[in-house]
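Everything on this sheet refers to the single structure shown next.
Excluded from the calculations below are hydrogen atoms, water molecules and symmetry mates; all remaining heavy atoms, backbone and side chain alike, are included. None of these values were measured; they are calculated from a predicted model. If you read the sequence from its start, that first residue is 1, and numbering goes on from there.
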Amino acid sequence: MQNMVILGATGSIGTSTLSVIAENPEAFNVFALVANTSVSKMAALCRLHQPQVAHMVDADAALQLKAQIADLPVEVTSGESALADLVTRAEVDTVMAAIVGAAGMAPTLAAVQAGKRVLLANKEALVMSGRLFIEAVATSGATLLPVDSEHNAIFQCLTKTAQQQLGRCDLPGAGISKILLTGSGGPFLHADLASLPSVTPAQAIKHPNWSMGPKISVDSATMMNKGLEYVEARWLFNAGIDQLQVVIHPQSVIHSMVQYQDGSVLAQLGNPDMRTPIAHCMAYPARIVSGVEPLDFFKVGQLSFCEPDFARFPCLKLAMTACREGQEATTVLNAANEIAVAHFLQGDIRFTDIAKVNEYCLEQVVQSPLDSIADILALDTEARVCARKALTLCH
Ligand code: NAD
Ligand code: MG
């Protein structure tokens, strides 16, 4: 029986994780649920899953939750430092890291440092902390498993030795020449370029294949999501720039591929449903049911592929360039993008302004070296200040 903590329990990945746990109650126990402010959702989850601990990062939300579930034997906690304590408790075996954005970095790193089994959905945490994150995995002996569907697909196509050396694997030594990162191209793959400035938040979050939280849905529409995943792949698979290639695959049936030196290409396929990679990580190296329908090849019919168009997806290009420059640039880009996307969702800036804000910050922010988590957080804060300034230039 694995005792699990679910960071971001009220979100899209959190919901899918709880659904996989419900399919396999004999193997997994919900030890703690963590969210920020969604009190009524959290109260309903507590009634259904009866965790030992429910944690709301926001103190007011925790007080409200306490009142709503006073009849349940659930310990309610709150705050950021209590969250780091929670993930490191001795009873905890596995942590699902599914808080969205930079807010997930500290608790995810705390779980890594405590040597837990960490199922990583929160790509922003790895984009920001990169080398320090991978070093912490090596030092603590934590087991790191990638939940992001592309990285999970790549992981499944690796040799066992490479799987056991995540972050430090030797791709050429494993006979691997390239990692092929697939992406659907999102809702605007074929839209008229002239229509992009007037795209609404509702149109941007309507992904053709995946159902996800609002931030990652906008990132998928700009393809910043693929850019963040490019950086994520760089760290997880110790890949050089010439070992990473983005391939547009609109059907989202192949979730990514690994090309070997002998000409073989291994791919992982399945319906676009996050319960598959989540179940894979939860049970690894075993397999369990996830509740996902088997793939019907006759319904799929055709698989197609094309190269990304950087004029349509400038955010993808920015991320690939930042990845070449280094962790300072990707940390700046991630922070700027979080601000830009939040303001696009609020209706403050246009869809095409997201790339402009990101580019402005990459040019303006002085990128000091990152040798500690404090350095990373300071650069993240600086980039956010710059992004807020850039917002005013968009009008
Ligand atoms: P979501 O918006 O649906 O949920 C976010 C969760 O994070 C919520 O439970 C929310 O309470 C919590 N949260 C937000 N801010 C917080 C804070 N400051 N402190 C603590 N908790 C906070 O997001 P999602 O789509 O589930 O995505 C979560 C993460 O997983 C993201 O990093 C995303 O990139 C990654 N991911 C998601 C998918 C997907 O299909 N949804 C796929 C791959 C990777
Ligand atoms: Mg993904």
Side-chain angles (χ1 to χ4, degrees), residues 1-34 45 48-51 87 92-100 104 108 111 116-123 125-126 142-158 160 162-164 166 181-182 184 207 209-213 216 229 232-233 236-237 251-258 266-297 300:
M1 183 69 99
Q2 275 184 54
N3 260 342
M4 289 187 66
V5 176
I6 300 161
L7 303 176
T10 55
S12 167
I13 293 289
T15 305
S16 294
T17 305
L18 288 167
S19 151
V20 176
I21 293 176
E23 292 270 351
N24 300 276
E26 68 300 334
F28 304 97
N29 176 50
V30 180
F31 177 75
L33 296 174
V34 178
L45 291 180
L48 196 60
H49 298 281
Q50 306 270 340
V87 297
V92 176
D93 302 304
T94 302
V95 176
M96 166 56 79
I99 289 173
V100 60
T108 304
K116 302 295 184 188
R117 184 177 167 101
V118 178
L119 318 187
L120 183 71
N122 179 208
K123 64 193 86 184
L126 184 58
T143 303
L144 179 64
L145 291 159
V147 171
D148 208 350
S149 58
E150 295 75 7
H151 307 76
N152 184 266
I154 294 159
F155 181 85
Q156 293 198 44
C157 298
L158 293 180
K160 187 151 246 130
Q163 285 181 343
Q164 286 162 351
L166 221 51
L181 193 61
T182 57
S184 69
H207 196 279
N209 307 331
W210 297 93
S211 152
M212 309 179 286
I216 183 174
E229 290 181 353
E232 186 184 11
L236 284 176
F237 308 116
Q251 295 83 8
S252 301
V253 166
I254 293 179
H255 299 307
S256 281
M257 304 178 267
V258 175
L266 302 193
Q268 185 262 356
L269 288 73
N271 283 318
D273 188 319
M274 288 307 294
R275 287 175 298 173
T276 296
I278 290 168
H280 174 265
C281 290
M282 282 168 58
Y284 178 82
R287 297 273 179 175
I288 52 171
V289 292
S290 65
V292 176
E293 290 288 307
L295 183 62
D296 182 341
F297 279 92
V300 173

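- In this model, a donor atom of one side chain and an acceptor atom of the other lie less than 3.5 Å apart for Ser184 and His207.
- Scanning both residues, Pro146 and Cys281, for their nearest heavy atoms gives O-SG, 3.2 Å.
- Expressed to the nearest 0.5 Å, how far OG of Ser149 lies from CD1 of Ile154 amounts to 9.5 Å.
- With hydrogens and angles ignored, the 3.5 Å screen pairs a side-chain donor or acceptor of Thr15 with a backbone N or O of Gly11.
- By the 4.5 Å heavy-atom criterion applied to side chains, Val100 and Asn122 are not counted as neighbours.
- The distance from the CE atom of Met274 to the OG1 atom of Thr17 is 8.5 Å, given to the nearest 0.5 Å.
- Side-chain contact check for Val118 versus Leu145: every heavy-atom pair is 4.5 Å or farther apart.
- Interatomic distance, Gln268 CD to His255 NE2, rounded to the nearest 0.5 Å: 5.0 Å.
- One distance of note links CE of Met282 with CZ of Arg117; it measures 9.5 Å at 0.5 Å rounding.
- One finds a salt bridge joining Asp148 and Lys123 here, because a Lys/Arg side-chain nitrogen approaches an Asp/Glu carboxylate oxygen to under 4.0 Å.
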**Asked** Would Leu7 and Val87 count as a side chain to side chain contact (heavy atoms under 4.5 Å, CB included) if you check the C-alpha gap in whole Å, the side-chain angles of each, and the deciding distance to 0.1 Å?
**Response** CA-CA 9 Å; Leu7 303 176; Val87 297; 3.9 Å; yes

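- With hydrogens and angles ignored, the 3.5 Å screen pairs no side-chain donor or acceptor of Thr276 with any backbone N or O of Pro272.
- Side-chain contact of His151 with Glu232: a donor-acceptor pair under 3.5 Å is present, judged by distance alone.
- For the pair Leu119/Ile278, no side-chain contact is recorded, criterion being any heavy-atom separation below 4.5 Å from C-beta on.
- In this structure, CD in Gln2 is found 3.5 Å from OG1 in Thr94, a value given to the nearest 0.5 Å.
- The shortest non-hydrogen separation linking Ala153 to Ser256 is CB-N, 3.8 Å.
- Here the closest heavy-atom approach between residue Pro25 and residue Ala22 is recorded as CD-O, 3.4 Å.
- Leu18 has its side chain within reach of Ile6: a pair of non-hydrogen atoms, C-beta onward, lies under 4.5 Å apart.
- Partners of Lys116 according to the salt bridge (Lys or Arg N to Asp or Glu O under 4.0 Å) rule, which considers only residues two or more places apart in sequence or in another chain, do not exist here.
- The CE atom of Met96 sits 9.0 Å away from the CG atom of Leu120 when rounded to the nearest 0.5 Å.
- Between Trp210 and Asp273, the closest heavy-atom pair is CZ3-N, 3.3 Å.
- Side-chain contact between Leu126 and Leu236: present, with at least one pair of heavy atoms (C-beta onward) separated by less than 4.5 Å.
- By the 4.5 Å heavy-atom criterion applied to side chains, Met4 and Phe31 are not counted as neighbours.
- In summary, the side chains of Asn3 and Asn29 do present a donor paired with an acceptor at a separation below 3.5 Å, with no hydrogens or angles considered.
- A 4.5 Å side-chain heavy-atom check between Thr182 and Met257 finds at least one atom pair inside the cut-off.
- The side-chain heavy atoms of Ile288 and Val20, taken from C-beta on, include a pair separated by under 4.5 Å.
- For Ile13 against Ala121, the heavy-atom pair with the smallest separation is CG2-CB, 4.1 Å.
- Relative orientation of the Phe155 and Tyr284 rings is perpendicular, given thresholds of 30° and 60° on the angle between their planes.
- Of all heavy-atom pairs spanning Leu144 and Leu166, the tightest one is O-CD2, 3.3 Å.
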